[in-house]
Amino acid sequence: MKELIKKLTDITSPSGNEDLIREAIREEIKEYCDDLKIDRLGNLIAFKHGGGAKIQFAAHMDEIGVIVTYIDDQGFLRFSNVGGLSPFQLLGQRVRFTDGTLGVFGLEKLEQMKDWTLNKMYIDIGATSKEEAEEKVAVGEFGGIIQDFADLGRRVAAKSMDNRVGCAVLIEALKRVQSPRNDLYCTFTVQEEVGLRGAKTSAFAIEPDLGIAVDVTLTGDTPEAEKMAVGLGKGVAIKVKDQSLIAHRRVKELLVRLAKEKKIPYQLEVLTRGGTDSGAIHLTRAGVPSGVISIPTRYVHSPSELIDLEDVEAAVQLVVAVMETPCDPENL
Amino acid sequence: MLLKELSELNGISGREEEVREYLRARIKGKVDKFHTDSLGNLIAVKGQGRPGPKVMLTAHMDEVGLMVLGIDPSGLLKIGAVGGIDPRVLVSKPVLIGRERVPGVIGAKPIHLQEKAERKKAIPLKGLYVDIGAKDREDAGKVVKVGDPVAFATQAGLFGEGLFKGKALDDRVGCAVLVELMQMETDFPLYFVFTVQEELGLRGARVAAYGIDPDLCLTIEGTFAGDLPEAKGHQVSTRLGRGPAITVMDRSIIVQKKLVDSLVAAGKAQNIPYQLRELTVGGTDAGAVSLTREGVPSAVVSVPCRYIHSPVSILSLADYHHTVQLVKAFLEGGYFLERVD
Amino acid sequence: MDLTRFLQELSESSGVSGREEETTVVIEKFFTSGPGKGWITDFRRDRLGNLILRKKGEGGEEAPKIMFAAHQDEIGLIVTEIKEGFLRFSTVGGIDQRVLPGQEVLIHAREEVPGIIGATPPHLQTPDEHEQAIKIEDLVIDTGLSREKAEELISVGDFVSIDRRLISLKNSAVSGKALDDRAGVAVLLQIAEELQKLKHQADVYLVATVQEEVGLRGALTSAYGIIPDLGIAIDVTHGKMPGLSDEDAYELGKGPVVVIGPQVHPKLFTSLQRVAEEKGVKYQVEPSTRPGGTDAFALQIARAGVATALLSIPLRYMHTSVETVFLSDLREAGRLLAEFVVTVDGEFVEGLSCF
């Protein structure tokens, strides 16, 4: 599992540029599903037959990043954010563009700290002129922050753990599931970080009876953290509410019941900010009962997002449990 | 239930009549005699004329609340506070106005139309109104008069595990303790004084004490308990379920050490739990009584209550019963007799 | 029907966004075993929990479909942490934290647990504290339970509603929680009653929507499922009170408020006005520049688009637990909308696409 997470997090695929990560995931799962397709927006949908209800699992494969907006005469790049990116996370970090070009972040001289916004920052790719820069990078090109995978033992940290760990959970569940009792649509969605976009269109096409996103959530267990009951290493988190979704009562209850039955450690999650793919899925067409399986993660949207592998294992077990439990589409 | 009935009566300071009438009916036959004085204190006595020191027990009948100050042209009532009340607890609460108990609600400007900075600010009392559904000033004037008292409309009852909730537990719980103590027989004269206007500066107790001229006074209060999670230890003062709180000092009195010791001794002898009240803020009738005439040795025993001076407060029924027992033990044991001089 | 009684049942039922079932049952019972028995053709709940009541008209297969939407959910709280017998919480919908100190609540846990949101007494406050609103992070719900009992009964994610009885004030005013938008739901019942006396072509869908307060979610999916020809949302608007400017607020007791704005189809607006005038219904007009606040905004963009209107009930103190309305406004709203239904036929619907 650790290797799989490392492999996925090492890839740079900001929102709208999911080609590399999609290819990597496809390689992983192609032996483990009945049908595999890529839809018009680039979502990767793995189908596995099992009867029962149509269940859409969604893990987004995109990551936050930057987009080049302007190249000045000296060859410095100005940029904008792709998804929720804090300027304070960038200083001292490096960026990799989708073609492999590297750069480092710089900051203008500031009179006061509160002036520190993305507008005051730039990317230095080692070019000495506009022309030289343009040979490597064009306006409109996407990049992602890079950071080495850190193996801390039972816990690991990496960039884009949001949501490559969710992808890893879904991949591992597909590999492990023995006898699916539902029709499974494992969707690796695009463009979640810019507004749940891939989930919205894929759900419209799939018309699922039930939607379950697999994504990261915040924790409240670090010094002076914002109050939140979720902690690292305390099991998979089952979402009750975030800003995009109030989990359907029966879906939440199903997840809790399965976790109890299978003795999977779990915790209930109320997230006061942020949203996930289920927010879009549950409002599709005439409505889809939806829930979320979350992996507790510290330092989300930083270059070092930190997770506990035991929580990941619990998440895999819970996803497999849902896959193997016959669900009645009429009775959700 | 005595405590429930007392809690649901309305008796804003200066307008204690509902409470007084209820108590008068309730204590008939339990005491030798009773009377009211010119401020409205209700004074009952058992064993008048017996030898021995005159002991006075007090509890105040009044509660903090509001008064109608005027009626605006649209029929909404302007209000002012009677006693120490935080305007922030008023928003969005139902109230009852006057003896007729006309129902009303305290509304607020909707969140949708508030500026961001406004949301962080408390709404001052001047910006709050009571709405009784009147069409205009004239319509409202048919049922409400300027000067009418306004009290919270809160139902009292059992709560949680062994707790009790209601409004005005400060100090209807003291009134209830006094009523229960009327079953005691003593060989000294025992006065039960239900005072008025405590919340406006201990005014009723002062005159009652002057009239009675007691040798000893014990005030029974409902006091602040701050035992919430993450509360700073030094600001908790009293804790629910740990027994009656004995005051050493507050803003109105420093209790004589021998009285504190006697109360503690009474508790220990009878195995009644007690705690010492830790904070020194607030004042009680004992403060006024202690400075009457040539001075009266006075002490305070309180039932801890969370959220006093708000629409709903909480106390522990065990604390309530232990308070009755502690005062009884203290009086019966004569702990004070050899010490009072 | 006894409007006060059913508004009371609606208001006092608990239906925080996402957990509306108790309120749904009140409405269902009204139509299955209450006064509304026989008033409608059928009803169903959809997958998100929207309650869809249908009364068929006389237009047969091709009858126009009219959807009335009033949301049944209310704002509330959700438990985020259990600390001994106390609960930390977050909000569901735009609740004003300033109404919470000194408020009694119900925690919808394994069983219903009463709670109290405490307030610090003034003796212990500093003078500047008085001027600041109490922050939600600093508030806790006191359950009066031991840690063991609290943890046995309550879990993180349990929903919490305000505990408040409906109070009758003078005239036809009533005050309580969740009248935004149970007042609108009561208008749905009122429409059903009025329609008993009237003949109409259109099939009428009375929808008690869910999750309006967290983003018009139920209206969006229910309209997708029903595919109405036209939709009218019934919600509340601000009642006049000191501190509000005249443009922001409407008189209580002077009739329902017909809204005009980008979320409203101009022909529906004028039709409602015309019906009101013909039938002698007193009404007020609200120009709306902020169209996003009600189900009308979601209805309008369902599928290929729905001609939409919005009728509002004036209500004072919105999003507090003493929301106040006049029953006369509810009755008049019901009468206006039922009379409007009578005027809708195929030709009318066709006209809605002709600008």
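- In this structure, the portion of B:Ser310 lying under 4.5 Å from any heavy atom of chain C is its side chain and not its backbone.
- If you measure heavy-atom distances from B:Leu76 to chain C, the contacts under 4.5 Å come from the side chain alone.
- Of the two parts of B:Ile106, only the backbone, made up of N, CA, C and O, holds a non-hydrogen atom closer than 4.5 Å to a non-hydrogen atom of chain C.
- Looking only at heavy-atom pairs under 4.5 Å with chain B, the residue among C:Gly176, C:Ala249, C:Pro114 that has the most is C:Pro114.
- For chain C, the nearby part of B:Arg306 is the side chain; its heavy atoms alone come within less than 4.5 Å.
- Your options are B:Ala108, B:Gly282, B:Gly84, and the one with the most heavy-atom pairs under 4.5 Å with chain C is B:Ala108.
- Environment of NZ in C:Lys254: sparse, with no more than 12 heavy atoms of neighbouring residues, nucleotides or ligands closer than 6.0 Å.
- Both the backbone and the side chain of B:Ile132 come within contact range of chain C, judged by heavy atoms closer than 4.5 Å.
- Between B:Arg119 and C:Gln97 there is no side-chain heavy-atom pair separated by less than 4.5 Å.
- For C:Ala173, the part sitting under 4.5 Å from any heavy atom of chain B is the side chain, from C-beta outward, and nothing else.
- No part of B:Val102 comes within reach of chain C, as not one of its non-hydrogen atoms sits under 4.5 angstrom from that chain.
- Between the side chains of C:His319 and C:Asp180, at least one donor N or O sits under 3.5 Å from an acceptor N or O.
- Between chain C and the options B:Ser316, B:Ala134, B:Gly226, the largest number of non-hydrogen pairs under 4.5 Å is found for B:Ala134.
- Using a 4.5 Å cut-off between heavy atoms, B:Ile85 contacts chain C through its backbone alone, with no side-chain atom that close.
- Of the listed residues C:Leu252, C:Asp142, C:Ile162, the one with more heavy-atom pairs under 4.5 angstrom with chain B than any other is C:Asp142.
- Between C:Arg5 and C:Glu9, at least one side-chain nitrogen of the basic residue sits less than 4.0 Å from a carboxylate oxygen of the acidic one, meeting the salt-bridge criterion.
- With a 4.5 Å cut-off on non-hydrogen atoms, C:Gln103 touches chain B through its backbone and its side chain both.
- For the options C:Val174, C:Asp248, C:Val322, C:Thr320, heavy-atom pairs under 4.5 Å to chain B are most numerous at C:Val322.
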>> Please evaluate residues C:Thr237 and C:Glu286 with respect to the criterion side-chain hydrogen bond (donor to acceptor under 3.5 Å, both in side chains), reporting the C-alpha separation (whole Å), side-chain torsions for both, the decisive distance (0.1 Å), and the verdict.
In response: CA-CA 9 Å; C:Thr237 189; C:Glu286 174 179 356; 2.8 Å; yes

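- Using a 4.5 Å cut-off between heavy atoms, C:Ser168 touches chain B through its backbone atoms (N, CA, C, O) alone.
- Only the side chain of C:Ile167 comes within less than 4.5 Å of a heavy atom of chain B; its backbone N, CA, C and O stay farther away.
- When only modelled atom types and interatomic distance are considered, B:Arg277 and B:Ser302 share no side-chain donor-acceptor pair under 3.5 Å.
- Using a 4.5 Å heavy-atom cutoff, the side chains of C:Ile75 and C:Thr91 are not in contact.
- Looking at C:Thr324, its side chain never comes within 3.5 Å of a backbone N or O of C:Ser175 through a donor-acceptor pair.
- The most heavy-atom pairs under 4.5 Å with chain C, out of B:Val312, B:Val281, B:Leu163, B:Val89, come from B:Val312.
- Per-residue counts of heavy-atom pairs under 4.5 Å with chain C were compared for B:Leu113, B:Ile314, B:Ile308; the largest is that of B:Leu113.
- Residue B:Asp131 is tested with C:Lys170, C:Arg316, C:Lys240 for a salt bridge (charged side-chain N to carboxylate O under 4.0 Å, His left out); the sole match is C:Arg316.
- For the pair B:Asp72 and B:Lys78, the salt-bridge criterion is not met [side-chain N within less than 4.0 Å of a carboxylate O].
- Contacts of B:Lys135 with chain C are made by both backbone and side-chain atoms, with heavy-atom separations under 4.5 Å.
- For a residue to count as touching a neighbouring chain, one of its non-hydrogen atoms must lie under 4.5 Å from one of that chain's; by this rule C:Arg165 does not touch chain B.
- Interface remark: C:Leu315 contributes no atoms to any contact with chain B (heavy atom separation under 4.5 Å).
- The candidate from B:Ala122, B:Gly160, B:Pro110 with the greatest count of non-hydrogen atom pairs under 4.5 Å with chain C is B:Ala122.
- Only the side chain of C:Leu244 has a heavy atom closer than 4.5 Å to any heavy atom of chain B.
- With a threshold of 4.5 angstrom between heavy atoms, C:Arg98 approaches chain B through its backbone and through its side chain.
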> Should C:Ser146 and B:Glu161 be marked as a side-chain hydrogen bond (donor to acceptor under 3.5 Å, both in side chains) after you check the CA-CA gap, both sets of side-chain angles, and the distance that decides it?
Replying inline: CA-CA 7 Å; C:Ser146 60; B:Glu161 288 172 276; 2.9 Å; yes

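- Contacts of C:Thr143 with chain B are made by backbone atoms alone, with heavy-atom separations under 4.5 Å and no side-chain atom involved.
- If you tally non-hydrogen atom pairs under 4.5 Å between each of B:Arg88, B:His112, B:Lys121 and chain C, the highest count goes to B:Arg88.
- In this structure, the side chains of B:Leu228 and B:Tyr307 come closer than 4.5 Å at one or more pairs of heavy atoms.
- Counted by atom type alone, B:Glu221 and B:His60 present one or more donor-acceptor pairs between their side chains at under 3.5 Å.
- Among all heavy-atom pairs drawn from C:Phe89 and C:Ile136, the shortest one is CE1-CG1, 3.7 Å.
- For B:Glu278 and B:Arg239, the salt-bridge test passes: some basic side-chain N is under 4.0 Å from an acidic carboxylate O.
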